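Note sheet for the following structure.
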Amino acid sequence: MNSVVMIRFLGVLSLICGMLIVGVNIVTHGRIQINQETILRESLIQLLPGMDHQTVYVIEPSGELAVHTGGETTAKRLFAGYDKGGKLLGVVLEANERGYADIISAMYAYSPSAKTVTGFTVVEMRETPGLGNKIGTDPDFLANFKALDASHPITAVKHGTKKNPWEIDAISGATISSRAVGRLLANSIREMEPVIQRNKERIERGN
Amino acid sequence: MSGVTTTIIEVRTSPHLHGPLSVDMIMRNVVYAMLPLAAFSVWQFGLSALVLLATTTAGCVLAEHILCRANGNASTVNDYSAAITGLLLGLTLPPGFPLWMALLGSLVAIAPGKLLFGGLGSNVFNPALVGRAFLQAAFPVAITTYTPTLAKARFAEFVPTTWTMPLMKPPPIADWISQVRVDGFTGATPLVLQKFDHIYTDPWPMFWGQRAGSSGEIPGFLILLCGAYLVFRHMMDWRIPVAMLSGAVAAAAGFHLLDPARYPDPLFMLFTGGLLLGATFMATDPVASPVTPRGMWIYGVLMGVLTILIRNLGGLAEGVMCAILLGNALSPLIDRLTPPRPYGARKPEGAI
Amino acid sequence: MSTTTTPPNPFLNGLWRQNPTFVQILGMCPTLAITNSVRNAIAMGLATAFVLVISNGLIAAIRKHVPKQVRIATYIAIIATAVTVTDYLVKAISIPVYKALGPFIPLIVANCLVLERAEAFAAKKPVIPSMMDGAGMGLGFAFGLTCLGTVREVLGAGTFLSIPLFGPNFEPWVLFLLPPGGFISLAIWLLVFATFRERKQRQLQAGLTEIQPAEVRS
């Protein structure tokens with residue numbers, strides 16, 4: 001057996017495998033895109049109840065917004081959700097923060113006019129199951145984000161000591177994860193609020 | 001000295017060393033040395049601590065007996081080691097710990113922690129800590145729920161969590177605590193207060209037993225006294241606790257000098273958490289620790305430093321358990337690095 | 001393989017006698033990583049079974065043309081193709097399964113079980129038995145994962161397939177959802193199966209003196 005035979009064999013094999021993968025990709029591509037859009041819409045509707053359609057913006061490094069035309073992106077995104085009449089319901093932002101274990105990545109709904117956080121959902125986390133991961137499931141904790149004042153820096157306080165509208169009532173036994181959520185929101189809003197206010201009219205129009 | 005005089009009748013061949021210490025005699029004395037701690041704990045926490053200690057002790061002894069028999073071997077409960085494991089496990093748990101969890105912890109301590117390795121003398125880790133590590137990982141909330149000391153009705157009623165139904169969640173006890181507490185008790189140990197809320201607790205009252213904590217880790221003076229008893233009976237090597245405590249003090253002092261605002265002083269570190277209890281009764285487990293004096297020093301200092309590293313830099317408030325388990329895991333390695341020198345042998349030239 | 005009797009059914013062989021998880025102890029990475037719920041375990045097991053059937057079939061089909069020196073590279077190329085195809089299909093067919101398995105499907109490439117079956121079985125046998133072997137091994141693997149997933153979900157969350165078993169007051173054993181819980185439940189199952197096997201072997205040896213067993217395997 002000489003090397004020419006081996007190279008020829010592997011070459012033909014790679015060609016066939018490659019063609020197979022491309023073929024399946026072509027067949028499933030459309031369906032995958034639809035599915036991913038569905039996943040995105042589901043999470044947006046969960047955060048902005050009553051949403052009908054959305055515009056996806058990419059936040060450019062300069063701090064400017066650009067309408068996202070599809071495909072993968074590594075930049076942070078801003079989703080603007082509108083009701084049937086085209087009125088802006090609010091924006092949804094992506095944010096990350098270091099939690100108790102690894103990065104917590106989350107999405108939250110923000111109302112630019114009222115300057116309040118109106119919803120919060122965890123996209124990915126590795127917090128301790130049964131304790132820290134309650135930040136994604138605990139109904140009492142998530143109730144914090146129905147109307148959380150964001151005009152003042154948001155902080156998480158110990159369970160049962162919430163006094164001000166910008167404070168998050170932490171989960172008992174998961175204070176570290178709860179505080180991470182507080183930092184996540186505070187940092188992201190501090191960074192994004194100017195961008196949103198600068199582009200407010202554009203976001204309302206949806207272009 | 002009744003223990004010595006009763007066993008000295010054993011007939012032995014030469015060399016005739018006086019006062020031979022048999023395993024079960026040492027073990028029995030360790031149990032004696034822990035009884036004052038248990039008594040203090042019952043005085044502080046009342047009925048709940050009593051049934052907790054009884055449950056873990058009985059659980060370990062029964063587990064050992066039944067598993068030995070199930071394997072077709074003779075039961076080894078008479079060497080008192082299972083009783084030590086049970087008592088130690090109970091002393092490291094919060095006083096209101098649910099009994100079904102305590103029983104589960106006893107089973108884990110004895111079955112995988114000890115008998116799986118071949119029983120007493122073969123275990124790699126301190127069995128009580130294996131049981132506690134399992135409980136800490138399985139029930140992180142229950143094992144960090146502390147109750148106040150010296151509650152008024154402690155000899156009349158149980159902590160509500162003690163009699164939790166098996167497999168069920170312990171009931172919330174915040175209301176109960178606010179009813180029975182004597183002073184401004186929040187249910188947090190000084191270490192937790194210091195780490196997460198930056199509230200400092202004065203070390204000396206803690207040394208005399210004024211703080212929250214696990215059932216047996218609170219009275220620092222009593223732990224040292226009981227440890228001293230074992231050292232004077234030559235039933236425990238003083239090097240390990242001394243090395244561990246000095247390692248911890250040195251590491252804590254280093255941290256404190258770097259940033260006094262963030263890292264508490266060495267005295268605080270010494271008297272909080274389970275450091276004294278761990279250094280005296282757990283790190284000294286003769287099976288899981290090195291055999292040479294030099295090895296013991298290395299082992300002890302290592303665990304002390306690890307404890308402080310975990311407390312100051314880790315995610316957990318208390319690091320003694322993990323530090324000792326790590327030390328246990330390293331002790332065969334330490335033994336390899338510090339072989340005893342045969343009598344009369346000289347160090348080879350150029351060796352360290 | 002004994003020559004005096006018919007070879008064992010390749011399907012049942014993988015499912016039980018040579019079970020990848022409990023007998024061969026292969027593919028431990030997914031076994032430990034994705035068994036914290038029964039649903040994940042079943043989905044991962046089935047996805048692996050699917051890849052095994054395709055890769056075993058393809059490898060068996062071209063086995064006579066593969067140069068011996070590059071056979072491992074060939075197998076890996078084929079397995080990787082099968083995994084990529086599975087990945088696309090899962091993404092296209094089911095959103096919930098994709099959400100649960102998304103990050104794990106590419107890892108099937110690194111599951112040594114798939115390569116092991118290619119080298120040990122598909123490289124020497126015709127297509128149909130090879131696919132049978134793939135299905136048996138894959139389902140055996142799925143069975144193993146499900147066993148682990150059951151212990152971990154029941155103890156770790158008090159549920160089975162997300163159905164609560166113990167009522168709302170159940171105290172979950174958080175440990176079993178964490179990585180150490182994977183090792184502990186694997187150990188428990190290995191203990192159970194080893195005990196079972198040993199007992200069977202003892203019975204077999206006791207019976208040896210009376211009747212010669214029909215099949216003695218090396």
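Quick note: numbers below take in every heavy atom, side chains included, and nothing from hydrogens, waters or symmetry partners. In what follows, chains are A, B, ... by sequence order, proteins preceding strands, each numbered from 1. Please read all numbers here as calculations on a predicted model, not as lab measurements.
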What's the spacing between [X] [atom1] and [Y] [atom2] if we round to 0.5 Å?
X: A:Ile21; Y: C:Tyr88; atom1: CD1; atom2: OH; answer: 7.0 Å
X: A:Thr28; Y: C:Leu89; atom1: OG1; atom2: CG; answer: 6.5 Å
X: C:Ile95; Y: A:Glu42; atom1: CD1; atom2: CD; answer: 5.5 Å
X: A:His29; Y: C:Lys91; atom1: NE2; atom2: NZ; answer: 10.5 Å

Would you say that more than 12 heavy atoms from the other residues, nucleotides or ligands in this model lie under 6.0 Å from the [atom1] of [X], or not?
X: C:Glu119; atom1: CD; result: yes
X: A:Arg126; atom1: CZ; result: no
X: A:Glu124; atom1: CD; result: no

Item checked: chain C neighbours within residues 134-143 of chain A, where any heavy atom lies under 4.5 Å away ->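 Hits under 4.5 Å: none found.
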
Check: Which atoms of A:Thr38 come close to chain C, meaning under 4.5 Å heavy atom to heavy atom: side chain ones, backbone ones, both, or neither?
Finding: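 The side chain, not the backbone.
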
Margin query: Looking only at heavy atoms and a cut-off of under 4.5 Å, which of A:Val24, A:Val27, A:Leu20 has the most pairs with chain C?
Written below: A:Val24

Next item on the list: Considering only heavy atoms and a distance below 4.5 Å, find which of A:Ile16, A:Leu10, A:Asn25 pairs most often with chain C.
Entry: A:Asn25

Note to self: Does any part of the side chain of C:Ile62, heavy atoms only, come nearer than 4.5 Å to the side chain of A:Phe9, both counted from C-beta?
What the structure shows: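 SC-SC contact between A:Phe9 and C:Ile62 confirmed.
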
Next item on the list: Return the minimal non-hydrogen interatomic distance between A:Cys17 and C:Ala77, and the atom names on each side.
Entry: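 Heavy atoms of A:Cys17 and C:Ala77 come nearest at SG-O, 4.0 Å.
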
Item checked: Closest contact, heavy atoms only, A:Met6 versus C:Pro67 ->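 Heavy atoms only, the tightest pair is CG-CB, 3.9 Å.
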
Margin query: Quick check: under 4.5 Å, non-hydrogen atoms only, which of residues 78-85 of chain C neighbour chain A?
Written below: C:Ile78, C:Thr81, C:Thr84, C:Val85

Item checked: Those residues of residues 34-58 of chain C, ordered by number, that approach chain A below 4.5 Å (heavy atom to heavy atom) -> none

Give every donor-acceptor pair under 3.5 Å between a side-chain atom in residues 95-104 of chain A and any protein atom, sequence neighbours left out.
{"unit_1": "A:Glu97", "atom_1": "OE1", "unit_2": "A:Asn187", "atom_2": "ND2", "d": "3.1"}
{"unit_1": "A:Glu97", "atom_1": "OE2", "unit_2": "A:Arg183", "atom_2": "NE", "d": "3.2"}

